[in-house]
Amino acid sequence: MFKPVVVSEDIFYVGVNDRTKHLFEALWPIPLGVSYNSYLIIDEKVALIDTVDVCYSDTFLKKVETLLNGRSIDYLVINHMEPDHSGSIRLLKQFYPSIQIIGNKKTADMLAGFYQIDENIQEVKDKEEISLGKHTLRFYMTPMVHWPETMMTYDLYTETLFSGDGFGTYGSLNGGVIDKAINVDLYWDEMIRYYATIVGKYGSPVQKALEKLAPVPVRTICSTHGPVWQEKISEVISVYDKLSRYEGEEGVVIAYGSMYGNTEQMAEIIATELSEQGVHNIIMYNVSKTHVSYILRDIFKYKGLIIGSPTYSNELFPLVQSLIDKIDTRDIKNRLFGHFGSFIWAGAAVKRLTAFVENRGWEVVGDPVEQKCSLTAQKYEECVQLAKAMARKLKEK
Ligand code: FEO
């Protein structure tokens with residue numbers, strides 16, 4: 001009923017695609033869908049690596065059953081307990097009651113907490129190994145990428161890394177599974193958006209994981225979301241490396257709120273002057289229109305950020321406040337920051353953006369511009385100067 005998808009010798013893809021949900025984690029839009037990847041290793045012993053979201057249990061179990069052809073599963077390796085991967089464990093155990101679960105101490109705590117499972121669990125430590133026959137699995141603890149129990153599993157025989165959410169991306173798998181068989185162009189931006197929304201806070205743990213795995217030869221990366229990587233491994237690692245070091249490319253994101261167009265006019269002047277000064281990558285977002293996940297994606301991508309906001313009830317415009325809260329949550333580092341705003345009778349927006357950037361410790365570029373009601377010649381010139389200062393700073397870097 002299912003054609004087996006071979007990832008590597010004895011290793012099969014048994015994941016599923018979700019093109020139904022609108023919001024991943026009930027927060028982040030997934031217009032291109034998402035895949036929940038699981039892998040089956042059939043050797044003298046059989047090991048399943050992770051499961052899938054409970055909504056797709058039926059398809060998943062049928063795939064597994066077809067490949068097993070009457071055999072049972074010896075081990076279920078759990079790299080990550082978030083329910084998009086652990087959601088089918090209870091059902092799986094009903095079909096394969098003798099299955100031995102492999103995880104770490106924190107995995108065991110979560111298994112008991114989520115699913116009341118506390119038997120047949122083998123706790124493993126960093127670099128511990130189990131043999132399946134030809135294949136030997138070694139476990140690398142990679143805590144906080146992006147939950148405390150996260151670990152990765154490495155098959156020594158095929159040099160395959162089962163990386164959990166690490167190196168994952170939004171975007172379902174539309175036919176092909178392995179990068180060399182498909183056009184992967186659509187995944188690069190979605191990988192950054194996935195990182196920015198899900199993993200973004202944990203740059204330092206991602207760096208630690210990359211350092212730990214650097215000496216390990218890897219021919220295949222099997223993440224829990226998105227394509228299996230073989231041809232583009234160095235590109236994928238480079239994306240995660242740059243993002244987790246908060247390195248930004250030359251470019252500026254201008255994110256603004258505007259109720260009646262006066263703050264927006266300032267954004268337009270700044271953007272026009274940035275372009276005049278030779279900045280090629282200028283990305284403008286009206287925060288009321290674009291979902292914040294796309295704005296965060298580009299803030300992770302580019303070095304410069306300019307935020308503008310009207311004053312609203314003596315505070316920032318609510319959606320600008322929401323954006324800076326999410327930047328704070330992710331502890332995004334090393335950005336060049338400019339800001340501007342407007343008010344009618346008492347200014348608060350610029351003051352609050354100044355407090356935000358002081359707290360972030362980013363470099364403030366140019367003087368903030370604060371406009372009363374609508375644009376004047378003087379405020380026009382101040383916007384131009386802010387843009388010039390940002391362009392100069394970007395060229396220095
Ligand atoms: Fe894909 Fe953190 O779960």
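Whatever order the structure lists them in is the order used to number ligands and atoms, beginning at 1. Nothing here was measured: the structure is a model prediction, and the numbers come from that model.
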Novice: Determine whether the aromatic ring centres of F337 and F356 lie less than 6.0 Å apart.
Specialist: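 Here the rings of F356 and F337 have centres that are less than 6.0 Å from each other.
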Novice: Donor-acceptor pair, distance only, cut-off 3.5 Å: does the side chain of K212 make one with the backbone of M141?
Specialist: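 Yes, because the side chain of K212 sits within donor-acceptor range (under 3.5 Å) of the backbone of M141.
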Novice: For a quick test of reading the model, state the closest non-hydrogen atom pair linking S309 to A349 and the distance between them.
Specialist: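 Closest pair (atom of S309, atom of A349, distance): O-CB, 3.2 Å.
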Novice: Looking only at the aromatic ring of each residue, does the gap between the centers of Y13 and Y39 stay below 6.0 angstrom?
Specialist: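 Yes, close enough.
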Novice: Quick check: does any side chain N or O of N104 sit under 3.5 Å from a backbone N or O of E149, one acting as donor and the other as acceptor?
Specialist: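 Such a contact is found between N104 side chain and E149 backbone.
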Novice: Counting only protein N/O/S, how many atoms fall short of 2.8 Å from atom 2 (Fe) of ligand 1?
Specialist: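 Excluding waters, the total comes to 4.
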Novice: Got more than 12 heavy atoms from elsewhere within 6.0 Å of OH, Y115?
Specialist: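 Counting other residues, nucleotides and ligands, OH of Y115 exceeds 12 neighbours.
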